[in-house]
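Counting from 1, the numbers follow the sequence of the chain as shown.
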Amino acid sequence: MIKQIFRSETMKIRRSFILWMHIFSAIVFPVLLGAYYGNRYPTVNLTQVVINYYEFLSILTPIAVSIVICVIFDREQKAGNFKNVLSLPDSKVAIIQSQILYYWSLYALVVLGSTGIYYILLKFMFGLPMPSFFSIILTSIVFTLLAYVYYELAYLVIGLWGNGSGLILGFFGSLLSILSLTVLVDKAWAFIPWSWQIRLIGFWQPGVLQNTHMMFWYGSKYAVSVVLTMLMIIISSIYYKNWTGRRN
């Protein structure tokens with residue numbers, strides 16, 4: 001099932017807005033940001049160069065995910081009012097969850113590719129003494145995993161209330177991500193999905209990786225994100241099991 005859905009979705013996005021949006025994001029974003037910080041070195045802090053990269057990604061991701069899912073829903077509706085999903089009632093959940101996995105995988109490729117371009121540009125073209133590539137790519141892997149819940153939420157909200165609600169969700173998520181940089185959500189960020197990515201930069205703060213107590217504290221917070229993501233997958237699957245089409 002997953003292999004078939006992946007092949008089908010790959011055919012659908014050829015020469016589409018979704019494909020070009022992902023390619024554009026993977027190349028242009030790291031090049032522009034890398035050129036900006038590369039030209040400012042050595043007046044910029046190297047740790048801040050890494051932190052700011054993930055901050056920008058964290059803020060842009062919620063709205064970008066919502067836009068992508070809105071386009072997918074529009075495409076499926078225009079192609080036959082979701083006949084590809086509704087014609088196989090016993091496989092609806094599997095099809096939808098496979099679609100979510102596919103588009104999240106595209107996002108993961110964008111983030112990992114963007115990270116590689118950003119690192120290579122700063123280290124080899126501008127000569128910045130960057131932190132280890134392993135630590136940065138590991139951060140990006142965790143970063144992409146934390147975005148999975150965005151896709152589940154966007155699919156659920158758009159399926160329930162339409163594209164307008166999905167876009168509102170995306171803007172709301174980006175706003176919450178910005179607010180998560182402040183002390184306003186210090187006590188609650190572990191329970192706010194849009195805080196998870198941007199709070200990941202805490203591991204890059206000076207002294208955190210060398211402090212066992214701080215590492216354990218952060219780890220315990222992110223254990224909550226795993227539980228909430230699994231819960232969101234279950235809720236979404238239950239809803240789509242009896243789904244009969246999107247409300248306009």
Side-chain angles (χ1 to χ4, degrees), residues 5 8-9 12-13 16-19 21-22 25 57-108 110 144-180 184-185 188-198 224-248:
I5 296 298
S8 173
E9 294 300 322
K12 291 176 184 177
I13 67 170
S16 69
F17 167 78
I18 292 177
L19 178 61
M21 177 181 175
H22 283 80
S25 301
L57 273 182
S58 300
I59 294 167
L60 294 172
T61 292
I63 186 59
V65 169
S66 288
I67 291 172
V68 168
I69 305 305
C70 283
V71 172
I72 294 168
F73 267 77
D74 268 352
R75 181 195 67 198
E76 293 297 323
Q77 189 170 40
K78 292 175 181 177
N81 201 26
F82 308 99
K83 65 178 182 180
N84 293 328
V85 175
L86 299 179
S87 61
L88 298 170
D90 294 334
S91 304
K92 279 192 296 186
V93 173
I95 291 172
I96 290 170
Q97 290 298 340
S98 295
Q99 285 181 331
I100 291 173
L101 180 61
Y102 177 83
Y103 287 101
W104 170 82
S105 298
L106 285 184
Y107 171 78
V110 167
T144 60
L145 291 171
L146 294 172
Y148 195 85
V149 70
Y150 296 162
Y151 287 83
E152 293 286 348
L153 283 166
Y155 257 79
L156 182 60
V157 169
I158 294 172
L160 278 166
W161 299 298
N163 284 358
S165 297
L167 292 175
I168 290 172
L169 175 72
F171 281 113
F172 176 75
S174 292
L175 178 60
L176 272 179
S177 185
I178 295 171
L179 290 176
S180 295
L184 294 176
V185 297
W189 70 263
F191 299 94
I192 304 173
W194 300 279
S195 298
W196 298 343
Q197 285 188 318
I198 208 159
V224 176
S225 71
V226 175
V227 175
L228 291 181
T229 299
M230 295 303 297
L231 182 61
M232 191 63 239
I233 293 172
I234 293 171
I235 292 172
S236 177
S237 297
I238 292 173
Y239 170 72
Y240 276 107
K241 185 176 181 179
N242 300 308
W243 192 59
T244 58
R246 186 181 67 174
R247 298 177 183 176
N248 294 312

TODO: Measure from the side-chain N and O atoms of S237 to the backbone N and O of I233, and report whether any donor-acceptor pair falls under 3.5 Å.
DONE: yes
Task: Heavy-atom check, side chain of W194 versus side chain of L153, under 4.5 Å - done: yes
Task: Taking every non-hydrogen atom, the tightest pair across A154 and V65 - done: CB-CG1, 4.3 Å
TODO: With the side chain counted from C-beta on, respond yes when M232 and L156 share a heavy-atom pair under 4.5 Å apart, and no when they do not.
DONE: yes
- [ ] Would you indicate whether the side-chain heavy atoms of I72 and R75 approach each other to under 4.5 Å?
- [x] yes
Open item on the list: W161 vs I168, test: side-chain contact (heavy atoms from CB on, under 4.5 Å). Steps then yes/no.
Closed with: CA-CA 11 Å; W161 299 298; I168 290 172; over 6 Å; no
TODO: With rounding to the nearest 0.5 Å, note down the distance linking OH in Y103 to OG in S105.
DONE: 11.0 Å
Task: Sidechain-backbone polar pair: W196 side chain, A190 backbone, donor-acceptor under 3.5 Å - done: yes
Task: Side chain proximity check, L176 to S195, heavy atoms < 4.5 angstrom - done: no
- [ ] Provide the closest heavy-atom pair for Y239 versus L160 in the form atom of the first, atom of the second, distance.
- [x] CE1-CD2, 3.3 Å
- [ ] Return yes if some donor-acceptor pair links the side-chain N/O of S66 with the main-chain N/O of G166 below 3.5 Å, else return no.
- [x] yes
Task: Donor-acceptor contact present, side-chain Y240 to main-chain Y155, <3.5 Å - done: yes
Task: Nearest heavy-atom neighbours spanning V68 and H22 - done: CG2-CE1, 4.0 Å
Open item on the list: Measuring from atom OG1 of T229 to atom OH of Y151, what distance do you get when rounded to the nearest 0.5 angstrom?
Closed with: 13.5 Å
Task: Closest contact, heavy atoms only, I63 versus L167 - done: CD1-O, 3.9 Å
TODO: Enter the distance from I238:CD1 to K241:NZ here, rounded to the nearest 0.5 Å.
DONE: 8.5 Å
TODO: Could you please spell out the steps behind the side-chain hydrogen bond (donor to acceptor under 3.5 Å, both in side chains) verdict for T61 and Y107?
DONE: CA-CA 9 Å; T61 292; Y107 171 78; 2.9 Å; yes
Task: Inter-residue atom distance E152.CD - I100.CD1, 0.5 Å rounding - done: 3.5 Å
Task: Closest non-hydrogen atom pair, P62 against I59 - done: CD-O, 3.5 Å
Open item on the list: Rounded at 0.5 Å granularity, tell me how far CG in L228 sits from CD1 in I192.
Closed with: 11.0 Å
Task: From I96 atom CD1 to L101 atom CG, the distance as rounded to the nearest 0.5 Å - done: 14.0 Å
Open item on the list: Minimum heavy-atom separation for Q97 and S236, please, with both atom names.
Closed with: NE2-OG, 3.8 Å
Open item on the list: Is the shortest side-chain heavy-atom distance between W104 and T144 below 4.5 Å?
Closed with: yes
